[in-house]
Amino acid sequence: MGDPLDGCNPPSDAHVLASNSQAQYSPEETAKHGEETMTPDGENDPTTTSKDKKLNGSNITITTETPEGKQAQVQENENDNEAENENQPGEGQTVVEEEEGKEEEERPPLPPRPPRTSGESSLTPFSPSSRPALQSRPTTAVASVEVHTRSFSDGLRGFFSIPGYRAISESLSITGLSTGQSTPAVRKASISESLIDDTSSLLSHAPHSNMDGDLAGLLADGMNAKSPAWKLLSTQAESGNPFEGIDDDDTSLANFEHEFDEIDAVDSKGENEEQLLVQFKAKFKHYMILSSAGKPIYSRHGDQNLINGYIGVIQTIISFYEEENDHLLGFVAGGTRFAIKIDGPLYFVAISKLGESDSQLRAQLDALYKQILSTLTLPTLTQLFSNRPNTDLRRPLDGTETLLSSLADTFTKGSPSALLSALECLKVRKSHRYIINNTLLKTRTKSLLYGLIVAGGRLVSVVRPKRHSLHPSDLQLIFNMLFEAEGIKAGGGENWIPICLPAFNNKGYLYMYVSFIDANHDDETSDKQSTTTNDDDDRDDEIAVILISTNKESFFELKDMRDDLVKQLRKNGSMEIIKTAVSQGRPSTTDIVPGTPLKHFLYKSRANVQFTMPSFSPNFTSTIKRRRLMSLYHELHASTHVKYSPVKVLHNVSRDSSALAWITADFEFYCVAGPKASRAALTEGADKVIKWMKREEERVFIIGGAVF
Amino acid sequence: MAEATAPKPSSSVKLVLLGEAAVGKSSLVLRFVNNDFQENKEPTIGAAFLTQKCNLPTRTIKFEIWDTAGQERFASLAPMYYRNAQSALVVYDLTKPTSLVKAKHWVAELQRQASPGIVIALVGNKLDLTNETTSSNPLGDDTDTDAAEGEDDGDARKVSTAEAKSYAEEEGLLFFETSAKTGINVTEVFTAIANAIPETSLKGARGPGAAQTASRTEDQSRVNLTGPRDNASKEGCAC
């Protein structure tokens with residue numbers, strides 16, 4: 001129960017196909033296109049093989065969740081003319097099951113293999129079963145038959161475009177079940193693969209040895225290139241926007257704009273309870289925290305009278321399993337996923353109709369737990385409950401609800417930072433960042449532990465001791481407190497906040513000095529005035545200095561440091577640079593790659609635990625479109641982060657978008673384009689973005705930072 | 001109030017705000033410092049440090065204000081903030097009797113542990129929730145009876161002026177009832193404290209530099225912005 005791969009959640013865009021190891025794939029690629037970008041025929045070349053093995057080994061140390069079975073899975077979902085499918089008989093669960101069953105059947109053929117290699121090594125086991133299984137597919141997907149066949153006629157590429165069950169994925173996302181679509185399939189594939197030939201997985205690291213190589217080579221457009229029908233399709237509106245049609249025919253996120261409306265309190269006679277329950281149930285996302293004794297601690301929606309019944313039910317269910325020492329991790333009811341996390345005396349429950357995977361939801365719950373620790377510290381929490389198991393934690397946590405709610409809402413809106421557990425930095429020139437770092441180092445005072453400059457919610461610079469780095473989850477708490485919750489910013493003035501950073505040390509408090517500064521003004525008095533006049537500005541204009549110390553008496557010392565720091569930054573022009581960088585905002589994808597069909601992307605540098613992305617505007621500015629985009633990213637992320645044999649390359653096409661994910665040891669890359677964008681265009685765009693990233697890496701990311 | 005043209009001695013006064021959570025400490029400061037008000041303000045975390053100047057006829061007082069969080073778990077940090085304070089504002093919510101109890105605890109703690117001679121003002125906030133709102137004499141004796149009657153006429157007052165005032169007199173505290181929302185009596189509290197600080201305890205007096213003159217002019221305009229409150233006396237204790 002509760003396994004992330006829990007089969008209750010049928011794949012939505014369940015068209016995972018063509019999985020194979022990179023090495024299996026690459027020889028074919030090289031053979032076919034004569035490209036040097038891929039590892040040359042690994043299977044035939046002993047030296048390459050050993051190299052690949054080494055790479056594989058090193059990769060394992062980095063991505064612990066990755067067992068040796070590396071796979072490149074290409075998820076194909078040809079939905080261009082899937083509209084008819086929606087009218088196909090069999091909807092909802094039945095079709096889904098059917099679909100799943102097929103997937104299982106088809107899993108073996110996943111490796112795309114060229115016919116000529118079929119006699120060789122690891123590819124062999126997969127080939128015999130692949131064709132027949134595939135051919136059963138079109139019977140349920142009339143519309144995609146043509147595309148499907150063409151992909152076969154196209155030089156037997158082994159890319160199987162599975163008929164896209166648009167209707168299914170739609171209905172699934174309506175009910176919120178659209179996550180983890182590929183997980184069961186992936187697992188099966190990996191099992192079968194490892195049973196058949198373990199060595200194949202060791203050969204599967206072409207993309208890693210080929211980091212600067214292009215994704216286009218990896219995901220060659222061979223399948224499409226020679227297909228007239230495909231060409232015809234892809235010439236249509238390649239640059240179309242994703243999620244364009246949602247206003248008309250997609251009800252999955254209807255009323256999402258009311259998601260953050262508060263539910264009134266139940267009145268004294270309970271007359272409005274029924275109506276409030278309707279509102280309550282209409283929410284897409286609930287977070288609840290209760291003690292193991294069943295005392296409510298926190299609920300995002302609904303006041304105590306409304307939720308008490310649910311808290312009781314939840315406590316009963318969880319306790320039932322706890323008594324058996326069989327920890328309940330989650331379950332699915334209808335279109336709603338329940339994820340449960342138990343930390344000591346606390347039960348955390350997330351209830352989501354938004355389609356996140358189990359592990360994603362649990363990561364969100366973990367952030368809520370960390371927020372509680374950040375308020376109380378672990379010893380205090382433990383002590384409270386060991387003294388009195390039925391402690392009402394609401395009192396000690398008084399004032400923390402707003403922080404929990406802003407965290408919860410960040411997740412509900414969809415946060416790339418939370419999804420990737422990485423932070424975003426302000427892009428400035430390397431030399432400029434160097435000056436800022438040095439200014440921080442120069443003005444550093446004795447008590448300082450960490451110093452941060454944050455602008456527009458993005459990190460500009462960090463100063464830290466040599467032996468300590470800042471954990472993203474701690475930074476998430478700080479950023480949430482400063483930028484998402486209004487409490488600190490609205491007060492004006494400077495703040496002195498006791499805070500426990502659980503990833504740094506969950507046993508004690510640090511003291512955090514926070515000052516929001518206005519780059520426009522030169523003395524303190526005007527700073528103060530500006531806080532009144534700029535209240536309406538969004539977070540994109542704020543520059544904050546955050547200085548953290550272990551000494552609770554060091555407020556004035558750090559205040560002096562801030563004054564000194566700000567003075568120096570103004571003097572050497574850095575303040576102006578930061579201000580300009582902030583006001584420029586994030587670039588759009590077309591600024592980065594002119595003419596690309598890509599509409600948005602996320603790029604996470606694994607080594608730096610940082611990510612970058614282009615602006616959400618103009619395509620994803622509305623709450624709903626942004627949520628759709630983030631849901632898609634969550635799906636891609638879920639597929640590429642399953643525990644067993646995660647997908648490494650994933651191409652996902654649906655009626656309203658196409659997307660690509662590429663995971664390597666160095667980075668994670670996710671991008672989204674309109675539904676008509678061809679894979680060739682996607683991969684080309686992705687390659688260009690990644691090249692841009694390599695070029696701009698030292699500007700986009702903080703590498704090293706200021707260390708003392 | 002004198003024009004800020006002639007140099008006046010300037011000195012800083014440390015002030016700490018204490019009181020139960022959600023009585024309106026931060027709102028009082030926000031009103032005093034920025035002449036602003038926010039509905040549903042989120043709770044303070046830790047403490048906020050703000051400064052504001054207050055012009056008296058003979059001198060300028062620069063308040064260095066520690067606005068502390070009212071939650072129980074921050075109570076252990078309070079000594080850090082009141083330790084060197086010359087003045088304290090102990091706030092309660094006059095619609096919530098328990099908050100006065102808490103305020104009395106704070107007063108006792110201050111008298112026991114803070115520096116001797118600390119000027120303490122007891123402030124009952126949220127006067128706008130009572131129905132004696134804009135009276136020019138909010139502390140009039142006629143309000144006492146209203147308090148007992150409670151909510152019948154939309155009056156949420158639960159702590160009578162007389163009760164709090166007699167307690168304040170017993171303990172030798174300044175006493176005000178204020179509304180951070182409407183601004184009633186807010187500046188008066190701070191002016192009264194400034195006046196009550198004995199000259200001799202003022203430290204850090206220094207000649208006004210150019211920058212200070214400029215900012216003082218701004219203060220002047222800021223004080224004027226507060227409008228109706230200026231009608232009331234800015235000097236002396238309103239008790």
Side-chain angles (χ1 to χ4, degrees), chain A residues 262 374-377 380 384 393-403 405-406 478 481-482 484-500 509-516 522-533 535 551-556 558-559 562, chain B residues 14 17 20-22 25-53 62-81 83-84 209-219 221-222 225:
Chain A
E262 290 301 321
S374 170
T375 302
L376 293 177
T377 74
T380 311
L384 278 171
L393 202 60
R394 276 173 301 184
R395 198 172 160 74
L397 281 179
D398 191 12
T400 310
E401 298 89 346
T402 54
L403 298 177
S405 291
S406 63
I478 295 175
M481 179 188 280
L482 301 188
E484 301 296 338
E486 294 293 316
I488 302 225
K489 204 169 43 186
E494 297 143 87
N495 290 271
W496 188 237
I497 300 165
I499 184 172
C500 167
Y509 287 109
L510 297 174
Y511 296 85
M512 178 166 78
Y513 169 91
V514 181
S515 163
F516 286 93
D522 282 339
D523 62 87
E524 226 180 297
T525 323
S526 20
D527 278 357
K528 203 189 300 162
Q529 282 209 320
S530 67
T531 54
T532 42
T533 54
D535 270 353
N551 177 2
K552 72 174 177 183
E553 305 281 346
S554 57
F555 173 83
F556 287 101
L558 296 182
K559 179 178 160 56
R562 176 225 105 119
Chain B
K14 292 189 173 62
L17 277 98
E20 200 176 79
K25 296 179 293 299
S26 300
S27 293
L28 281 172
V29 176
L30 190 65
R31 175 60 76 185
F32 176 59
V33 174
N34 288 337
N35 193 25
D36 194 9
F37 179 78
Q38 292 166 349
E39 295 278 355
N40 302 319
K41 202 175 172 309
E42 294 191 36
T44 306
I45 307 168
F49 181 79
L50 301 96
T51 59
Q52 173 66 305
K53 294 202 177 77
K62 185 188 176 199
F63 279 111
E64 294 178 356
I65 303 167
W66 273 115
D67 171 24
T68 65
Q71 282 77 18
E72 205 58 55
R73 68 174 182 277
F74 295 115
S76 60
L77 292 172
M80 193 166 93
Y81 303 116
R83 201 171 40 212
N84 296 314
Q212 280 170 322
T213 315
S215 48
R216 197 180 303 136
T217 320
E218 279 164 8
D219 282 334
S221 64
R222 191 178 292 132
L225 281 175

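In what follows, chains are A, B, ... by sequence order, proteins preceding strands, each numbered from 1. Source: prediction; values computed, not measured.
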Under a 4.5 Å heavy-atom cut-off, does chain B meet the side chain of [X], its backbone, both or neither?
{"X": "A:M512", "answer": "neither"}
{"X": "A:L397", "answer": "backbone"}
{"X": "A:S515", "answer": "neither"}

Q) With a 4.5 Å heavy-atom cut-off, do A:Y511 and B:L77 have their side chains touching? A)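 The answer is yes, as the side chains (C-beta and beyond) meet within the 4.5 Å cut-off.
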Q | Residue pair A:W496 / B:M80, side-chain heavy-atom distance below 4.5 Å | A |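 A:W496 reaches B:M80 side chain to side chain.
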Q: Would you please name every residue forming a ring-ring contact (aromatic ring centres under 6.0 Å, His included) with B:F37, sequence neighbours left out?
A: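 So B:F37 forms no ring-ring contact (aromatic ring centres under 6.0 Å, His included) with any residue.
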Q: For B:E64, check side-chain hydrogen bond (donor to acceptor under 3.5 Å, both in side chains) against everything at least two apart and list the hits.
A: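 If we apply the side-chain hydrogen bond (donor to acceptor under 3.5 Å, both in side chains) test to B:E64, skipping adjacent residues, there are no hits.
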Q. Does the pair A:T400 and B:R73 meet the rule for a side-chain contact (heavy atoms from CB on, under 4.5 Å), with working shown?
A. CA-CA 11 Å; A:T400 310; B:R73 68 174 182 277; 3.4 Å; yes
Q) Centres of the A:F556 and B:F49 rings: under 6.0 Å? A)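 Between A:F556 and B:F49, the centre distance is under 6.0 Å.
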(Q) To the nearest 0.5 Å, what is the distance between CD1 on B:I45 and OG1 on A:T375? (A)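 Going from the CD1 atom of B:I45 to the OG1 atom of A:T375 covers 7.5 Å.
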Q) Atom CD in B:E42, atom CD in A:E401: separation rounded to 0.5 Å? A)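 Going from the CD atom of B:E42 to the CD atom of A:E401 covers 10.5 Å.
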Q.
Less than 4.5 Å to any heavy atom of chain A: does that hold for the side chain of B:A21, its backbone, both, or neither?
A.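 Contact with chain A involves the side chain of B:A21 alone.
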